[in-house]
Amino acid sequence: MRVTKLPAAPTSALKVLIVLVLALTMSACSWFRHSGDPLDTLPLPQLYAKAHNDLVHADYSAAEKAYQRLIARFPSGPFNEQAQLELAYAQYKNNKPDDAYSTVNRFIKSNPLNPHVDYAYYLRGLINFDRTTGLVERTFTSQEIGKQTRRDQGYNLKSFDDFAELSRRFPDSAYAADARQRMIYLRNVLAQYEINVAKFYLRNKAYVASADRAQYVIEHYQESPQAGDALAIMCRSYLALGQKQQADQVRQVLSLNYPNHPYLKDAHWPHSPSLLRKMIPFSGHY
């Protein structure tokens with residue numbers, strides 16, 4: 001009779017080794033099982049609560065990540081709509097204006113009937129407003145116009161249009177009054193930009209161009225404080241072009257509406273800046 005030999009029983013050292021390998025394997029499995037992002041497993045209410053809490057506590061990067069995960073995991077419902085709006089705000093506060101603008105635009109297009117869509121229009125205006133207006137400039141109002149008008153006016157125009165659309169669509173919105181105040185500020189900035197360019201043309205004897213720029217201010221920003229300067233520049237330009245009758249008519253309008261304007265007492269206003277002033281950044285010259 002043939003007897004089959006059984007494998008020898010493992011030695012004590014081998015047993016210990018087997019136990020260690022099994023323990024390490026189980027530990028590794030447990031580590032991989034728990035190493036995933038908790039945002040992938042949180043239920044919807046808790047996930048929104050976490051994102052909102054991060055936002056309230058100004059942890060904008062964490063809030064942005066949580067809102068993005070919520071939107072991806074739960075692509076519909078009121079939590080999703082609110083998350084989109086708050087995501088745009090988190091990106092705006094996190095100095096990501098391009099991302100914020102894209103997010104808020106998607107929200108407006110996807111949720112035109114959302115009860116908070118007026119805020120979305122307001123936020124869109126704020127995003128562009130803050131691209132070209134800094135805290136220092138808004139605080140020191142005596143210098144802000146001169147600094148602001150040296151920058152690209154594209155975002156100012158967009159911001160003005162955004163606030164105008166909010167005021168037109170939602171005149172009773174809680175954000176409408178602030179939007180209108182910002183529109184006044186932006187109107188004055190845009191008007192001053194045109195005046196600065198008109199002065200540049202005037203000093204360089206491009207009188208047709210200076211008159212056109214000044215006329216643009218009268219047509220588009222008639223209620224701005226710069227309208228008086230525009231009339232004065234038009235008067236000087238017409239005189240330089242030999243159009244005395246037109247110059248006299250403009251001067252009469254200037255005298256009637258701005259009797260204290262310096263041009264009425266000084267025919268050479270505005271004066272060219274001194275060499276020293278030209279060497280000073282943001283001194284208002286071109």
Side-chain angles (χ1 to χ4, degrees), residues 85 88-89 91-109 112 117-171 173 175-202 206 208-231 233-234 281-286:
L85 198 55
Y89 180 76
Q91 291 169 329
Y92 159 65
K93 296 295 289 183
N94 203 29
N95 197 29
K96 295 182 178 180
D98 292 332
D99 292 343
Y101 200 75
S102 297
T103 300
V104 78
N105 271 336
R106 285 195 299 272
F107 176 87
I108 291 172
K109 291 179 181 179
V117 73
D118 60 328
Y119 174 74
Y121 282 102
Y122 176 69
L123 179 57
R124 189 168 69 174
L126 279 183
I127 292 167
N128 280 325
F129 184 85
D130 282 355
R131 288 181 195 249
T132 49
T133 51
L135 176 61
V136 173
E137 292 172 359
R138 292 199 299 272
T139 303
F140 299 98
T141 55
S142 63
Q143 300 177 5
E144 65 185 351
I145 298 295
K147 292 182 180 180
Q148 178 61 29
T149 54
R150 302 183 120 10
R151 300 181 179 180
D152 178 19
Q153 299 302 300
Y155 290 130
N156 281 334
L157 288 167
K158 287 182 179 180
S159 181
F160 186 93
D161 290 343
D162 290 333
F163 289 134
E165 188 168 5
L166 166 64
S167 300
R168 184 177 63 254
R169 287 175 175 263
F170 308 97
S173 168
Y175 309 101
D178 185 72
R180 285 189 283 268
Q181 290 299 312
R182 292 176 187 271
M183 287 173 65
I184 293 172
Y185 170 86
L186 291 167
R187 178 203 65 192
N188 296 344
V189 167
L190 293 166
Q192 185 62 50
Y193 172 78
E194 297 297 331
I195 290 297
N196 286 352
V197 176
K199 287 180 179 179
F200 170 80
Y201 286 136
L202 186 66
V208 173
S210 62
D212 286 345
R213 285 284 187 162
Q215 180 67 36
Y216 184 88
V217 173
I218 298 301
E219 292 176 353
H220 294 84
Y221 310 116
Q222 188 175 12
E223 297 181 0
S224 70
Q226 290 77 15
D229 291 350
L231 290 168
I233 292 172
M234 287 174 65
F282 305 121
S283 62
H285 68 273
Y286 274 79

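- Using a 4.5 Å heavy-atom threshold, the side chains of Met183 and Ser167 count as touching.
- When all heavy atoms of Ala198 and Ser210 are compared, the closest pair comes out as O-CB, 3.4 Å.
- With Phe163 as the fixed residue, the side-chain contact (heavy atoms from CB on, under 4.5 Å) test singles out one of Ile184, Asn128, Leu126: Leu126.
- By the 6.0 Å and 45° rule, Arg131 stacks over the aromatic ring of Tyr155.
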>> Using the rule given for side chain to side chain contact (heavy atoms under 4.5 Å, CB included), can you reason through Arg124 versus Ile108, listing the C-alpha separation, both sets of side-chain angles and the distance that settles it, and then say yes or no?
In response: CA-CA 10 Å; Arg124 189 168 69 174; Ile108 291 172; 4.1 Å; yes
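- From Lys93, atom NZ reaches atom CG of Asp130 across 8.0 Å, with rounding to the nearest 0.5 Å.
- The shortest distance between side-chain heavy atoms of Ile195 and Gln192 falls below 4.5 Å.
- Nearest heavy atoms, Ala230 versus Ala214: O-CB, 3.3 Å.
- Within the 3.5 Å criterion, the main-chain N or O of Tyr221 finds a donor-acceptor partner in the side chain of Ser224.
- To the nearest 0.5 Å, the span separating OH on Tyr101 from CD1 on Ile127 amounts to 8.0 Å.
- Of all heavy-atom pairs spanning Val104 and Ala120, the tightest one is CG2-O, 3.4 Å.
- For CD of Glu219, the number of neighbouring non-hydrogen atoms (other residues, nucleotides, ligands) closer than 6.0 Å is greater than 12.
- His220 NE2 to Gln215 CD: the interatomic distance, rounded to the nearest 0.5 Å, is 10.0 Å.
- When side chains are defined from C-beta on, Tyr185 counts as touching Phe129, because their heavy atoms get closer than 4.5 Å.
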>> Could you go through Asp178 and Tyr122, starting from their C-alpha distance and side-chain angles, then the distance that decides it, and tell me whether this counts as side chain to side chain contact (heavy atoms under 4.5 Å, CB included)?
In response: CA-CA 9 Å; Asp178 185 72; Tyr122 176 69; 2.6 Å; yes
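- In this structure, the separation between CZ on Arg213 and CD1 on Ile218 is 14.5 Å, given to the nearest 0.5 Å.
- Between the CG atom of Leu186 and the CD atom of Gln181 there is a distance of 11.5 Å, given to the nearest 0.5 Å.
- Taken from CG in Asn105 to OH in Tyr121, the straight-line distance is 9.0 Å, to the nearest 0.5 Å.
- Taking the side chain as every heavy atom from C-beta outward, Phe170 and Val117 approach each other to under 4.5 Å.
- A heavy-atom distance below 4.5 Å is found between the side chains of Asn188 and Gln226.
- With 3.5 Å as the limit, one finds a donor-acceptor pair spanning the side chains of Asn156 and Gln153.
- Using a cut-off of 4.0 Å between Lys/Arg side-chain N and Asp/Glu carboxylate O, Lys158 and Asp162 are scored as not salt-bridged.
- Under 4.0 Å is where a charged nitrogen must lie from a carboxylate oxygen, and between Arg168 and Asp161 no such pair does.
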